[in-house]
Amino acid sequence: WMDAGIGGGLVANGTVINGNAGLAGEIGHMFISPRDGSAMSRLEDFAGSSALLSRNAELGGSADTIDALLAEHRAGHPATAGALRDWCHAIAEGLTNLTSLMDPGVMLFSGPMAAILKHMEHETWDRYTSMLQYGTPPAQWRIELSDHRTLVQSGAVLLRQELFTYREASLGRVSLG
């Protein structure tokens, strides 16, 4: 889900992966290094909707919504072009890190910021694939601009897990020590 923050969920073989504390998939909390050489910060601090609008304003843009930002970019506003270049770099770096760690087959994007990814898909894809280590296959991307389909798919996965798998609590914890 892409909005002010960037969250996600991990599904492997039809099973939702929650992580130890239930926070698996919070990719917006991943640290990345910005292009301008400033200190590392969280992905969503560079690529969330508020961050993109702030960066656009820093560069001289006037958009106060994502739709207005897209309109500025289509009109050729140079500040917006710069802000979107920075956004593409941040998203590509985060997705490259995710790919290196998780080796996903498919990444599904939705939420208000999915419109930005769709608009900048080719540039972001080129940066993403150029950052992957030699031999690492890129994940397929699915960008959903309608939240209804994504919610139905997510709900189906959760329902399947609830109905057709054993809960960890019923199986007991595995001790590694």
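Bear in mind the structure is a predicted one, so any value in this text is a computation, not a measurement. One-based numbering along the sequence shown.
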Side chains of [X] and [Y]: does their closest heavy-atom pair fall under 4.5 Å?
{"X": "L52", "Y": "M113", "answer": "yes"}
{"X": "R85", "Y": "R55", "answer": "no"}
{"X": "S130", "Y": "T96", "answer": "no"}

Quick check for you: to the nearest 0.5 Å, what is the distance between [X] atom [atom1] and [Y] atom [atom2]?
{"X": "L95", "Y": "M102", "atom1": "CG", "atom2": "CE", "result": "13.5 Å"}
{"X": "E121", "Y": "I143", "atom1": "CD", "atom2": "CD1", "result": "3.5 Å"}
{"X": "I27", "Y": "I91", "atom1": "CD1", "atom2": "CD1", "result": "7.0 Å"}
{"X": "S49", "Y": "W87", "atom1": "OG", "atom2": "CH2", "result": "11.0 Å"}
{"X": "D3", "Y": "S50", "atom1": "CG", "atom2": "OG", "result": "7.5 Å"}
{"X": "F109", "Y": "K118", "atom1": "CZ", "atom2": "NZ", "result": "11.5 Å"}

Grab the two heavy atoms, one from [X] and one from [Y], that are nearest each other, plus how far apart they are.
{"X": "F31", "Y": "N97", "result": "O-ND2, 4.1 Å"}
{"X": "A47", "Y": "A90", "result": "CB-CB, 4.3 Å"}
{"X": "G5", "Y": "E44", "result": "CA-OE1, 3.4 Å"}
{"X": "I66", "Y": "P112", "result": "CG2-O, 4.3 Å"}
{"X": "A92", "Y": "R127", "result": "CB-CB, 3.7 Å"}

Answer yes or no: is there a donor N or O on one side and an acceptor on the other, between the side chain of [X] and the main chain of [Y], under 3.5 Å?
{"X": "E93", "Y": "S33", "value": "yes"}
{"X": "W141", "Y": "M107", "value": "no"}
{"X": "Y128", "Y": "P138", "value": "no"}
{"X": "T129", "Y": "D126", "value": "yes"}

Quiz item: Would L101 end up clustered with M131 when hydrophobic side chains under 4.5 Å apart are linked, directly or stepwise?
Solution: no
Quiz item: Would a hydrophobic clustering, with Ile, Leu, Val, Met, Phe, Trp and Tyr connected at side-chain separations under 4.5 Å, put L117 with L132?
Solution: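 Linked within one cluster.
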Quiz item: Got more than 12 heavy atoms from elsewhere within 6.0 Å of CE, M30?
Solution: yes
With a 3.5 Å cut-off and sequence neighbours excluded, list the donor-acceptor pairs that the side chains of residues 68-77 form with protein atoms.
| from | atom 1 | to | atom 2 | distance (Å) |
| --- | --- | --- | --- | --- |
| E72 | OE1 | N56 | ND2 | 3.1 |
| E72 | OE1 | T80 | OG1 | 2.6 |
| E72 | OE2 | S62 | N | 2.9 |
| E72 | OE2 | S62 | OG | 2.8 |
| E72 | OE2 | A63 | N | 2.8 |
| H73 | ND1 | H119 | NE2 | 2.7 |
| H77 | ND1 | A79 | N | 3.1 |

Quiz item: D45: what forms a salt bridge (Lys or Arg N to Asp or Glu O under 4.0 Å) with it, not counting sequence neighbours?
Solution: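 Per chain and number, D45 pairs via salt bridge (Lys or Arg N to Asp or Glu O under 4.0 Å) with R42.
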